[in-house]
Amino acid sequence: MPKVIEITDFSAPELDVFARLTEAQLLNREHIEQGLFIAESPKVIERALDAGCVPVSLLMERKHIDGQAREIILRCGETPVYTAPLEVLTQLTGFRLTRGVLCAMRRPTLRDAETVCADARRIAVLENIMNPTNLGAIFRSAAALDIEAVLLTPACSDPLYRRALRVSMGTVFQVPWAYFGSGEAADVAQLKALGFRTAAMALRDDAVSIDDARLAAEERLAIVLGTEGDGLARETIADCDYTVRIPMSHGVDSLNVAAASAVAFWQLCAQGAPAKHNES
């Protein structure tokens, strides 16, 4: 049975996770295994539960207990459910809750690059993507367009940041991901050791077009995307097997990295793969 708790004291320490802890405090870099994240909206929470994430507490509008959050609450067993009217929750969190439901959850155990890439033919490599909105959008495109794993350099935004999760619609729980390397640039040598040919997305005069037949013909391909604004590090581009660009019109020189990722994933993954349509 769920343990429903009406909020009467905004200062209750049990509510710190929703109202007062920063993303960095939730992450707890010194003890990652003790870290938490906030899943927002029923769809994101459902996908986190499907992936085996452990709920710690729920926060929601009262009307959702027997409404859109009913199945989630049942799945969470005896996890505490904190509730109050919307106007009270807005005072607590400082902003309106998207779809009225939040869930604090334990961070899953991090996997390594070798594990998540073991059977993958197409992967995305993100070098220093620092904007959580862009990161979330890339994961959503990756899930939709047949990317089988995502590798991130240590400077990337956390895929479990609340905004990244929300923008991704919880797809960060559907595409295996891992951090790799120790420096600021992508570790192209490691990618090659894992058996991948590498394609650096970059604005270079000597770049091949994204529809170059050689790219689609590669058995295993890592699509390497760089940080907002500056793009990929020079050494990353130099070390990759291909430098690839998306042809542009009307004098536009580039796309936002999230938009560019969707184009690249469609051209290099989805078009050559069997359709995997679903209803989610």
Side-chain angles (χ1 to χ4, degrees), residues 23 27 29 110-117 120-143 145-161 163-165 167-168 171-172 175-208 210 215 218 220-246 253-269:
E23 295 279 16
L27 176 58
R29 289 187 182 276
L110 286 175
R111 290 177 281 184
D112 58 40
E114 290 77 8
T115 300
V116 302
C117 294
R121 295 183 62 249
R122 292 291 187 269
I123 68 171
V125 178
L126 310 184
E127 182 180 272
N128 304 343
I129 305 293
M130 300 175 187
N131 185 305
T133 298
N134 284 336
L135 192 74
I138 292 170
F139 265 93
R140 190 168 181 177
S141 294
L145 300 172
D146 295 319
I147 286 290
E148 296 161 290
V150 176
L151 298 183
L152 306 97
T153 60
C156 281
S157 178
D158 180 7
L160 299 185
Y161 276 177
R163 181 179 292 276
L165 275 176
V167 173
S168 80
T171 53
V172 298
V175 181
W177 57 271
Y179 289 103
F180 84 123
S182 57
E184 293 185 359
D187 190 341
V188 178
Q190 183 179 3
L191 295 172
K192 293 182 178 182
L194 291 171
F196 290 96
R197 297 275 282 175
T198 49
M201 302 297 299
L203 299 172
R204 292 274 294 267
D205 292 337
D206 59 349
V208 301
I210 197 168
L215 296 168
E218 291 290 357
R220 305 184 79 200
L221 187 67
I223 303 164
V224 188
L225 296 141
T227 185
E228 302 88 347
D230 294 336
L232 291 169
R234 291 180 182 177
E235 58 266 34
T236 300
I237 298 172
D239 290 343
C240 283
D241 298 299
Y242 299 96
T243 303
V244 182
R245 70 183 302 162
I246 299 169
D253 61 355
S254 66
L255 296 174
N256 165 276
V257 65
S261 74
V263 174
F265 299 163
W266 165 252
Q267 179 66 41
L268 301 176
C269 309

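The basis for the numbers below is simple: all heavy atoms, side chains too, and nothing from hydrogens, waters or symmetry mates. Model, not experiment: these values are computed from the prediction.
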Looking at residues at least two apart in the chain, or sitting in another chain, which of them share a side chain to side chain donor-acceptor pair (under 3.5 Å) with [X]?
X	value
Thr115	Asp112
Thr236	Glu127
Asn131	none
Ser141	none

For this session: Keeping to residues at least two apart or across chains, list the salt bridge (Lys or Arg N to Asp or Glu O under 4.0 Å) pairs with something in residues 222-240.
Result: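 Of all non-adjacent pairs touching residues 222-240, none passes salt bridge (Lys or Arg N to Asp or Glu O under 4.0 Å).
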Calculate, to the nearest 0.5 Å, the distance between atoms [atom1] and [atom2] belonging to [X] and [Y] respectively.
X	Y	atom1	atom2	result
Ile138	Leu145	CD1	CG	12.5 Å
Ile223	Met201	CD1	CE	7.5 Å
Leu135	Leu160	CG	CG	9.5 Å
Ile129	Leu225	CD1	CG	6.5 Å
Arg140	Phe265	CZ	CZ	14.5 Å
Ser261	Phe139	OG	CZ	11.0 Å

Problem set entry | More than 12 heavy atoms of other groups within 6.0 Å of Arg163 CZ | no
Exercise. Who pairs with Arg197 by salt bridge (charged side-chain N to carboxylate O under 4.0 Å, His left out), at least two apart in sequence or on another chain?
Worked result: Glu218, Asp241
For this session: Identify, with sequence neighbours excluded, every residue that meets salt bridge (charged side-chain N to carboxylate O under 4.0 Å, His left out) alongside Arg204.
Result: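 Testing Arg204 for salt bridge (charged side-chain N to carboxylate O under 4.0 Å, His left out), a comparison that skips the adjacent residues, returns Asp206.
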Please name the pair of heavy atoms, one in [X] and one in [Y], separated by the smallest distance, quoted to 0.1 Å.
X	Y	answer
Ala199	Leu215	CB-CD2, 4.3 Å
Leu152	Ser157	CD2-O, 4.2 Å
Val224	Ala186	CG1-CB, 4.4 Å
Gly181	Pro154	O-CG, 3.5 Å
Ala260	Ile246	O-CD1, 3.8 Å

side-chain contact (heavy atoms from CB on, under 4.5 Å) involving [X] - partner list, sequence neighbours excluded:
X	result
Ala137	Val167, Ala258
Ala178	Val116, Leu151
Ala222	Ile123, Val125, Leu191, Phe196, Thr198
Arg122	Ile147, Glu148, Leu221, Cys269

Problem set entry | Test item: Val172 and Leu165 side chains (from C-beta on) under 4.5 Å apart, heavy atoms | yes
Problem set entry | Check: Thr153 side chain, Asn128 main-chain N or O, donor-acceptor pair, under 3.5 Å |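 Pair found, side chain donor or acceptor close to backbone of Asn128.
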Exercise. For Tyr179, which residues count as a ring-ring contact (aromatic ring centres under 6.0 Å, His included) partner, sequence neighbours excluded?
Worked result: Trp177
